[in-house]
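In what follows, a single structure is set out as structure tokens and then discussed.
These numbers come from the heavy atoms of this one structure, side chains and all, not from hydrogens, waters or symmetry mates. We name chains A, B, ... by the order of the sequence lines, and we start the count at 1 in each one.
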2 protein chains.
Amino acid sequence: MEGTIVDNQSEKISHRLEKIFTPAPLQVPGCPVRDVLDRIGDKWSILSVLHLGHSGKLRFNELLHRIDGISQRMLTVTLRGLERDGFVSRRIYAEVPPRVEYELTALGVSLLDQVLGLAVWAQDNMGDIITSRAAHANAAGFQNLP
Amino acid sequence: MEGTIVDNQSEKISHRLEKIFTPAPLQVPGCPVRDVLDRIGDKWSILSVLHLGHSGKLRFNELLHRIDGISQRMLTVTLRGLERDGFVSRRIYAEVPPRVEYELTALGVSLLDQVLGLAVWAQDNMGDIITSRAAHANAAGFQNLP
DNA sequence: CTGCATCCCGAAAGATACTG
DNA sequence: CAGTATCTTTCGGGATGCAG
């Protein structure tokens, strides 16, 4: 496999591809890549991580108001998942009224580092994506004209 | 906000966080980050991109057999989405039997580059995640004992 | 071989109301 | 304030059949 776009653009890419495909070829059961991708793929986890990274410690209601569109229930579910995987710490203060603070762990910060790469990429390349979508929308539109 | 874990670990992180949060604070409608994250968050897009990056040009049935667990329908849907966003090119050969080859575009390769960061990270840190999950499973187990 | 159309189900997500 | 409980709705995606 020589001369592909991948090889031409970045030698590092093929090295990392080997690393990913070598142990197990991305099989569904028990594949780390699949597993982590499923987590960060859900609707709210990444947003939560980005906000926690941006603001540091945050209380439940602070997160609830910062993450646009999330419901109380989904914030709870999301935070429980992130805590379970060790990305977020949950600190409860025995006060009245109760106070709970969430913060990224070291593992969470290292995840944030990766996710930021993707987020910045998304911002930088959104123009190209929009353009491509518009082109395909036009092409599709021609098919359906009366 | 000084002295947070984020600041201590990597100065670059805060710079990129600013970049992400500056234009619009991750609002749901029309946010590039959300948009791209939704796409790569679906069950099969990333896997398809990884396989196309690994093998170069691939035919429909080759992809179907390499991506463990995907159905014919979902492969079609996934490839259409990736093509629409400009990540994958689709080349049809007017032959009998018909042949269609898929390949990453330059934009697709640049996405692959980002995704690989995440994939390698996932492999490297899976141990910690498993450990954390086990700990929480035990903790939960105690709550439910008779 | 490629891949669209249709039907259908279970899981995920939203809305709402209630509690320590 | 910080959740939990419950109900309802949405929808991803699997199975199947058909077409170019």
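Between dT4(D), dG3(C), dA2(D), one nucleotide has an atom nearer to the side chain of T76(B) than all others, and that is dG3(C). Set against dG3(D), dC1(C), dA2(D), the side chain of R99(A) has dA2(D) as its closest nucleotide.
Below 30°, between 30° and 60°, or above 60°: for F21(B) and H51(A) the angle between ring planes is above 60°, a perpendicular geometry.
Under the 3.5 Å distance criterion, with hydrogens and angles disregarded, a donor-acceptor pair is assigned to the side chains of S55(A) and R66(A). Using modelled atom types and a 3.5 Å distance limit, the side chains of S110(B) and D113(B) yield no donor-acceptor pair.
Regarding contacts with the backbone of dT2(C), a side-chain N or O of R59(B) is found under 4.0 angstrom from either OP1 or OP2. Under 4.0 angstrom from either OP1 or OP2 of dC1(D) there lies no side-chain N or O belonging to Y102(A).
One end of the helix from dC1(C)-dG20(D) to dG20(C)-dC1(D) points its axis 50° away from the other end's axis, with each axis taken from 5 pairs and the angle rounded to 10°.
Salt bridge annotation for D68(A)-R34(B): absent, with no cationic side-chain nitrogen under 4.0 angstrom from a carboxylate oxygen.
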Sugar-phosphate or base contact per nucleotide [nucleotides 5-20 of chain D; S, B, -; heavy atom under 4.0 Å]: -B------BBB----B

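In this structure, Y93(A) reaches neither bases nor backbone, as no heavy-atom distance under 4.0 Å exists between it and the strands shown.
No continuous path of hydrophobic side-chain contacts links L52(A) to Y93(A) [ILVMFWY only; heavy atoms under 4.5 Å].
A straight line from CG of L75(B) to C1' of dC1(C) spans 13 Å, rounded to a whole angstrom. Atom pair L64(A):CG and dA15(C):C1' shows a separation of 14 Å (rounding to whole Å applied). Atom CG of L47(A) is separated from atom P of dA13(C) by 13 Å (rounded to the nearest Å).
For the pair R90(B)/R80(B), a side-chain contact is recorded, criterion being any heavy-atom separation below 4.5 Å from C-beta on.
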Residue pair E103(A), K57(A): steps toward the salt bridge (Lys or Arg N to Asp or Glu O under 4.0 Å) verdict: CA-CA 5 Å; E103(A) 189 176 16; K57(A) 274 192 182 71; 3.5 Å; yes

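Separating the CG atom in L17(A) from the CG atom in L116(B) is a distance of 4.5 Å, to the nearest 0.5 Å.
At distances below 3.5 Å, at least one donor-acceptor pair connects side-chain atoms of T22(B) with backbone N or O atoms of E18(B).
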